[in-house]
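As the structure lists them, so they are numbered: ligands from 1, and atoms in each ligand from 1. Every heavy atom of this structure was used, including side-chain atoms; hydrogens, water molecules and symmetry mates were not.
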Amino acid sequence: MKKNLLSGVKPTGRPHIGNYFGAMKQFVDAQTLGQYDCHLFIADYHALNLIQDADQMRELTLDLVLDYLAIGLDPKKSIIFKQSDVPAHTELAWIFDTIVTMPYLERAHAFKDAEAKSKEINVGTFNYPVLMAADILLYDTDVVPVGQDQKQHVEYARDIALKFNHIFKSDTFKLPEPLILESVATVPGIDGRKMSKSYNNTIPLFASREEIQKTVMSIVTDSNGPEAGGVPANVYAIHKLFRSEGDLKALYETNKGKYKILKEALIEDTDTFIKPLRERREKLVGAVKNVVKVLEEGAKAANEKASVKLIEVKKAIGVL
Ligand code: TYM
């Protein structure tokens, strides 16, 4: 039997190259390798913490399916589905809620960040890691390709699996491992901080050439600071995604201090990379029927697997 791989993306806006290199590329690579049964989903119930407008939710969800297809995910090879289509996720999350303590969830980085920023946190944000544990554990997942920011969530899933197995004296859940590639664990944005929709520092994965130009030209550089050596750190850090460091060494040495030339080179390399993805996505737009079908078939396959696991869980806790 093949090992199981599972991961998800929230439909909260256009994905960026940080999402792609940190996680989504690993989905496609895994699918190509054929080593795993791949389960790739749209985390719409997680997104509901942020997206609370029905039209927007629908649109962002369909967009993300198009994004999945455009990067090369194939519904014939991977199970592609929407979290809300598989009720076992929220059902299992409730069961986990009864064994997870509040202090444990209060220690989660994401919760602490949210608490530092906002006045009132909803219960969905607090419980985020519990639903995520359910997502992962329902499919006997072995590996979870994610960026560094999700590492703790996978550890939470492991802890919850161990706790459940211990309390209910069973071996119901497998322990998942995060799959994090060191070189792209935290892709930096145009200001050097982690690339993130919420920091407004992203290069969208399907950006137009004009957007790429505008964004790259606005990358923050500092010729008086630590970059006095003539290498603009934020430009270089993004450039590394598209070209080998060997290649870049020559380019950056020849053009020391010439930030405009270096940015123009980055624009070319970014566009060369994005163009085929963008074109593939443009061809898919309009095929909404196809997207709906992908989700219907994905939901069927995911429900089949998840319901078997949920019966096992229900037997372990004694409601069946
Ligand atoms: P989300 O939608 O925020 O991000 C999707 C994936 O992109 C990765 N990522 C990055 N990787 C490297 N550098 C960056 N700058 C960067 N920004 C984002 C994220 O680590 C993530 O892998 N909680 C998840 C969604 C989710 C999930 C799951 C994932 C829900 N249930 C179960 C795996 C398994 C999230 O917020 O992803």
Side-chain angles (χ1 to χ4, degrees), residues 4-28 30 36 38-51 60-61 63-64 67-68 71 73 79 81-84 86 88-90 92-93 96 108-111 113-114 124-125 127-158 160-161 176-205 234 237-238 240-241 302 306:
N4 290 314
L5 175 145
L6 172 137
S7 196
V9 177
K10 280 179 301 192
T12 47
R14 295 166 79 195
H16 50 72
I17 59 171
N19 299 128
Y20 180 76
F21 285 102
M24 294 162 80
K25 180 170 186 295
Q26 278 64 265
F27 306 173
V28 186
Y36 296 104
C38 296
H39 308 74
L40 302 163
F41 71 100
I42 314 266
D44 52 354
Y45 275 160
H46 276 117
L48 190 58
N49 282 316
L50 192 74
I51 307 297
L60 289 171
T61 301
D63 275 349
L64 189 52
D67 299 339
Y68 272 6
I71 62 170
L73 292 182
I79 301 183
F81 67 102
K82 213 165 66 171
Q83 189 181 33
S84 62
V86 186
H89 289 235
T90 40
L92 183 59
F96 289 159
H109 303 315
F111 170 72
D113 290 350
T125 301
N127 267 358
Y128 191 109
V130 181
L131 179 57
M132 186 155 159
D135 298 338
I136 296 171
L137 299 176
L138 260 181
Y139 299 88
D140 287 334
T141 301
D142 296 284
V143 292
V144 187
V146 281
Q148 180 68 26
D149 61 352
Q150 298 299 313
K151 184 167 185 247
Q152 192 188 39
H153 285 147
V154 182
E155 287 163 0
Y156 268 44
R158 288 175 67 91
I160 293 173
E177 293 281 352
L179 173 70
I180 299 174
L181 299 189
E182 212 184 296
S183 60
V184 285
T186 305
V187 172
I190 59 169
D191 56 1
R193 295 187 293 168
K194 183 188 100 164
M195 186 174 287
S196 167
K197 284 164 220 164
S198 53
Y199 294 156
N200 213 358
N201 64 354
T202 69
I203 300 181
L205 178 57
N234 295 340
I238 296 175
K240 267 198 315 199
L241 298 167

Using residues 176-185 as the side-chain source, report each donor-acceptor pair under 3.5 Å to any protein atom, sequence neighbours left out, with the distance given to one decimal.
from	atom 1	to	atom 2	distance (Å)
Glu177	OE2	Arg158	NH1	3.3

*Between Asp142 and Asn4, is there a donor-acceptor pair closer than 3.5 Å when you use the side chain of the first and the backbone of the second?*
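Yes, the answer is positive, given that a donor and an acceptor are paired below the 3.5 Å cut-off.
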
*Using modelled atom types only, decide if a donor and an acceptor are shared between the side chain of His39 and the backbone of Ser7 within a distance under 3.5 Å.*
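No.
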
*Please identify each residue that fulfils side chain to side chain donor-acceptor pair (under 3.5 Å) with Tyr139, with sequence neighbours left out.*
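Only His89 meet the side chain to side chain donor-acceptor pair (under 3.5 Å) criterion with Tyr139.
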
*Over 12 foreign heavy atoms within 6.0 Å of OH, Tyr45*: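 Not more than 12 within 6.0 Å, no.
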
_Among residues at least two apart in sequence or on other chains, which ones pass ring pair (Phe, Tyr, Trp, His ring centres under 6.0 Å) with Tyr20?_
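Tyr20 satisfies ring pair (Phe, Tyr, Trp, His ring centres under 6.0 Å) with Phe273 once adjacent residues are dropped.
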
_So if I only count non-hydrogen atoms and take anything under 4.0 Å from ligand 1, which residues does that give, chain by chain?_
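Ligand 1 is contacted, at a heavy-atom distance under 4.0 Å, by Leu6, Ser7, Gly8, Val9, Lys10, His16, Gly18, Asn19, Gly22, Ala23, Phe41, Ala43, His46, Tyr128, Met132, Asp135, Ile136, Val144, Val146, Gly147, Asp149, Gln150, Val184, Ala185, Thr186, Val187, Lys194, Met195.
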
